[in-house]
Amino acid sequence: MRAVRFDAFGAEPQLVDLPAPSCPPHGAVIEVHATGVCRSDWHAWQGHDDSVSLPHIPGHEFAGVVAEVGEGATRFAPGDRVTAPFILACGCCEQCRAGAPQVCPEQQQPGFHLAGAWAEQVVVTGADHNLVALPEEIDMTLAAGLGCRVGTAFHAVRSQGSVRPGERVAVFGCGGLGLACVLVARAAGAEVVAVDVSEAALAAARELGATPVPAGADAVARVREVTGGGAHVTLDALGSAATARAALESLRPRGRHVQVGLLLGDDADPALPIGRVIAQELQILGSHGLAVSEYRDLLAEIADGRLDLTRTVGRVITAEELPAAMLAMGRPPTAAGMTVARWR
């Protein structure tokens, strides 16, 4: 099979020919039709995640067709259209039994612990509890972003942020994840403010119904002004000490902050306004992935048009363009929305 692989952290990825993967017991091999290009893939390539071993195939967002199922897998068969969350859970621990596989302590992730989906085939462990059937009416290109960006946004806005109609939400960072947060919050009936340094990203957020606010020294004051005293919910979809702090400072009393973007390197342990958190009874909530059980509502909202994902896709590229797409993620983005690569 063809796959994009890097042999050293930071070395240019190459499109190579590799043996097809073996199907594990209870798992499945998926013929990848489309795969997302996510900032998390860039972090894996840079060596920021200690779960990655070399050589490595990146990619954790995909949609495709079942090619093979392992002995013991009973819910899916070859030819089924599927996707999966980027968190492959064990299915039997306390968290999984409680319906929270996104925090499974035994989780594995394609593109990190496992070989990823920047390949013609990818392995999914625990197929019966990790695979999700993909309705015919949902296109593979759109579905490729469900396991990470759209799914993560759905969980962050709906489950963790508990956004309600009429609330005011501020999203900091409007890349693929941030725009998905804008879209999901708008579908929940919220008024949304979008903060970013990029004019293209702010324009994309405006098209989705958000009020754009340029990032900068006066962004917090502007968000508080636009939201009439502060947001009910803020989401940091970028992941930096500066955006996390600005988001917290943009809340009204008893507001809820959801940290969605990863904080890495020097930003991993940021100084936050905890005095404000205490005095105003603010909540700080983490958000990680999407529970498989949440796909039912997510797919239903996509199928009936409540969530229109077409504008969240910025570029569609070929598999041959994936190495260049990885290199480009080290530079400021030139286009809004997520990039999706088609294998078929």
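Taking every heavy atom of both residues into account, Gln121 and Ala67 meet most closely at NE2-CB, 4.0 Å. Shown here for Asp7 and Pro55, the closest heavy-atom pair between the two residues is OD1-CB, 3.2 Å. Here the shortest heavy-atom pairing between Leu235 and Cys181 reads CD2-SG, 4.2 Å. The two residues Val132 and Pro85 come nearest to each other via the heavy atoms CG2-CD, 4.3 Å. Scanning all heavy atoms of the two residues, the minimum distance from Gly111 to Ala44 falls at O-CB, 4.0 Å.
Between the side chain of Arg81 and the backbone N or O of Ile138, at least one donor-acceptor pair lies under 3.5 Å. Between the His113 side chain and the Ser51 main chain, no donor and acceptor come within less than 3.5 Å of each other. Judged by distance alone, the side chain of Trp45 and the main-chain N or O of Pro13 form no donor-acceptor pair under 3.5 Å. A donor-acceptor pair is defined here as one N or O able to donate and one able to accept, closer than 3.5 Å; such a pair exists between the side chain of Arg256 and the backbone of Gly161. Side chain of Trp343 to backbone of Trp118: no donor-acceptor contact under 3.5 angstrom is found. Of the possible donor and acceptor atoms, none in the side chain of Glu301 sits under 3.5 Å from a partner among the backbone N and O of Leu298. At distances below 3.5 Å, not a single donor-acceptor pair connects side-chain atoms of Arg149 with backbone N or O atoms of Ala180. Judged purely by atom type and a 3.5 angstrom limit, Arg224 uses its side chain to pair as donor or acceptor with the backbone of Leu251. One N or O on the side chain of Gln107 and one on the backbone of Cys104 form a donor-acceptor pair closer than 3.5 Å. Under the 3.5 Å distance criterion, the side-chain polar atoms of Asp128 are matched with a main-chain donor or acceptor of Arg75.
In the model, Glu12 has no side-chain atom that pairs as donor or acceptor with a side-chain atom of Gln14 under 3.5 Å. Side chains of Glu294 and Ser159: a donor on one and an acceptor on the other come within 3.5 Å. Between the side chains of Asp139 and Thr141, at least one donor-acceptor pair of N or O atoms lies under 3.5 Å. Side-chain polar atoms of His257 and Asp236 form no donor-acceptor pair below 3.5 angstrom.
Of the listed residues (Leu183, Leu146, Val184), just one forms a side-chain contact (heavy atoms from CB on, under 4.5 Å) with Phe154, and that residue is Val184. Looking at Glu191, Glu167, Arg164 one by one, the single match for side-chain contact (heavy atoms from CB on, under 4.5 Å) with His232 turns out to be Glu167. For the side-chain contact (heavy atoms from CB on, under 4.5 Å) with Leu131, the lone residue among Ile30, Leu88, Val292, Asp80 that qualifies is Ile30.
Between Phe9 and Phe6, the two ring planes are tilted [angle within 30° to 60°].
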Exercise for review: Test Leu177 against Val260 for side-chain contact (heavy atoms from CB on, under 4.5 Å), laying out the working first.
Suggested key: CA-CA 9 Å; Leu177 174 59; Val260 197; 3.7 Å; yes
Exercise for review: Decide salt bridge (charged side-chain N to carboxylate O under 4.0 Å, His left out) for Glu31 and Arg344; before the verdict, give the C-alpha distance in whole Å, the side-chain angles of both, and the deciding distance to 0.1 Å.
Suggested key: CA-CA 9 Å; Glu31 179 184 274; Arg344 291 170 176 82; 3.5 Å; yes
Practice item. Before giving the answer on side-chain contact (heavy atoms from CB on, under 4.5 Å), spell out for Glu320 and Leu15 the whole-Å C-alpha distance, their side-chain angles and the decisive distance to 0.1 Å. Key: CA-CA 7 Å; Glu320 289 76 12; Leu15 186 64; 3.9 Å; yes
Practice item. Report the C-alpha distance between Arg97 and Glu94 in whole Å, list the side-chain angles of each, state the deciding distance to 0.1 Å, and finish with yes or no for salt bridge (charged side-chain N to carboxylate O under 4.0 Å, His left out). Key: CA-CA 5 Å; Arg97 294 196 306 272; Glu94 176 185 352; 5.9 Å; no
Exercise for review: Take Arg2 and Glu120 through the side-chain contact (heavy atoms from CB on, under 4.5 Å) test and state the conclusion after the steps.
Suggested key: CA-CA 6 Å; Arg2 294 182 304 156; Glu120 290 184 304; 3.4 Å; yes
Point to revise | Derivation of the salt bridge (charged side-chain N to carboxylate O under 4.0 Å, His left out) call for Glu321 and Arg342 | key: CA-CA 10 Å; Glu321 295 175 281; Arg342 293 286 310 206; over 6 Å; no
Exercise for review: Apply ring-ring contact (aromatic ring centres under 6.0 Å, His included) to the pair Tyr295 and His155, showing each step before the final yes or no.
Suggested key: CA-CA 10 Å; Tyr295 269 92; His155 181 70; over 10 Å; no
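With sequence neighbours excluded, no residue forms a salt bridge (Lys or Arg N to Asp or Glu O under 4.0 Å) with Glu68.
Once rounded to the nearest 0.5 Å, the distance linking CG of Leu202 with OG1 of Thr211 reads 11.0 Å. From Met140, atom CE reaches atom CG of Leu142 across 11.5 Å, with rounding to the nearest 0.5 Å. We find the CG-CZ distance between Asp308 and Arg186 to be 13.0 Å, quoted to the nearest 0.5 Å. Distance check, rounded to the nearest 0.5 Å: OG1 of Thr339 to CD1 of Ile317 gives 6.0 Å. Going from atom CD1 of Ile87 over to atom CG of Leu290 covers 8.5 Å, rounded to the nearest 0.5 Å. To the nearest 0.5 angstrom, Phe112 atom CZ is 5.0 Å from Ser40 atom OG.
For the pair Pro214/Val197, no side-chain contact is recorded, criterion being any heavy-atom separation below 4.5 Å from C-beta on. Using a 4.5 Å heavy-atom threshold, the side chains of Ile302 and Leu309 count as touching. Between Leu238 and Phe172, the closest side-chain pair of non-hydrogen atoms is not below 4.5 Å. Looking at Leu179 and Leu208, their side chains come closer than 4.5 Å, going by heavy atoms from C-beta outward. Residues His129 and Cys96 are not in side-chain contact: their nearest non-hydrogen atoms beyond the backbone lie 4.5 Å or more apart. Residues Pro270 and Arg245 are not in side-chain contact: their nearest non-hydrogen atoms beyond the backbone lie 4.5 Å or more apart. Between Thr227 and Val169, the closest side-chain pair of non-hydrogen atoms is not below 4.5 Å. For the pair Thr125/Gln108, a side-chain contact is recorded, criterion being any heavy-atom separation below 4.5 Å from C-beta on.
Salt bridge absent: Asp41 and Arg39 never bring a charged side-chain N and a carboxylate O closer than 4.0 Å. No salt bridge links Arg206 with Glu199; every basic N to acidic carboxylate O contact stays at or beyond 4.0 Å.
Under the 4.5 Å side-chain heavy-atom criterion for ILVMFWY residues, a single connected hydrophobic cluster contains both Phe62 and Val4. Under a hydrophobic clustering in which Ile, Leu, Val, Met, Phe, Trp and Tyr are joined whenever their side-chain heavy atoms come within less than 4.5 Å, directly or via other members, Val124 and Leu18 fall into the same cluster. Neither Val82 nor Val123 shares a network with the other; the hydrophobic side chains, linked directly or stepwise wherever heavy atoms of I, L, V, M, F, W or Y lie under 4.5 Å apart, form separate groups for each. Residue Met1 is grouped with residue Val69 when hydrophobic side chains (ILVMFWY) are merged at heavy-atom distances under 4.5 angstrom, including chains of intermediate members. Transitive grouping of hydrophobic side chains (ILVMFWY, heavy atoms separated by less than 4.5 Å) keeps Val223 and Leu248 in distinct clusters.
Two rings, from Trp42 and His48, have their centers less than 6.0 Å apart.
Screening residues 263-281 for side chain to side chain donor-acceptor pair (under 3.5 Å), with sequence neighbours left out, gives Arg254-Glu281.
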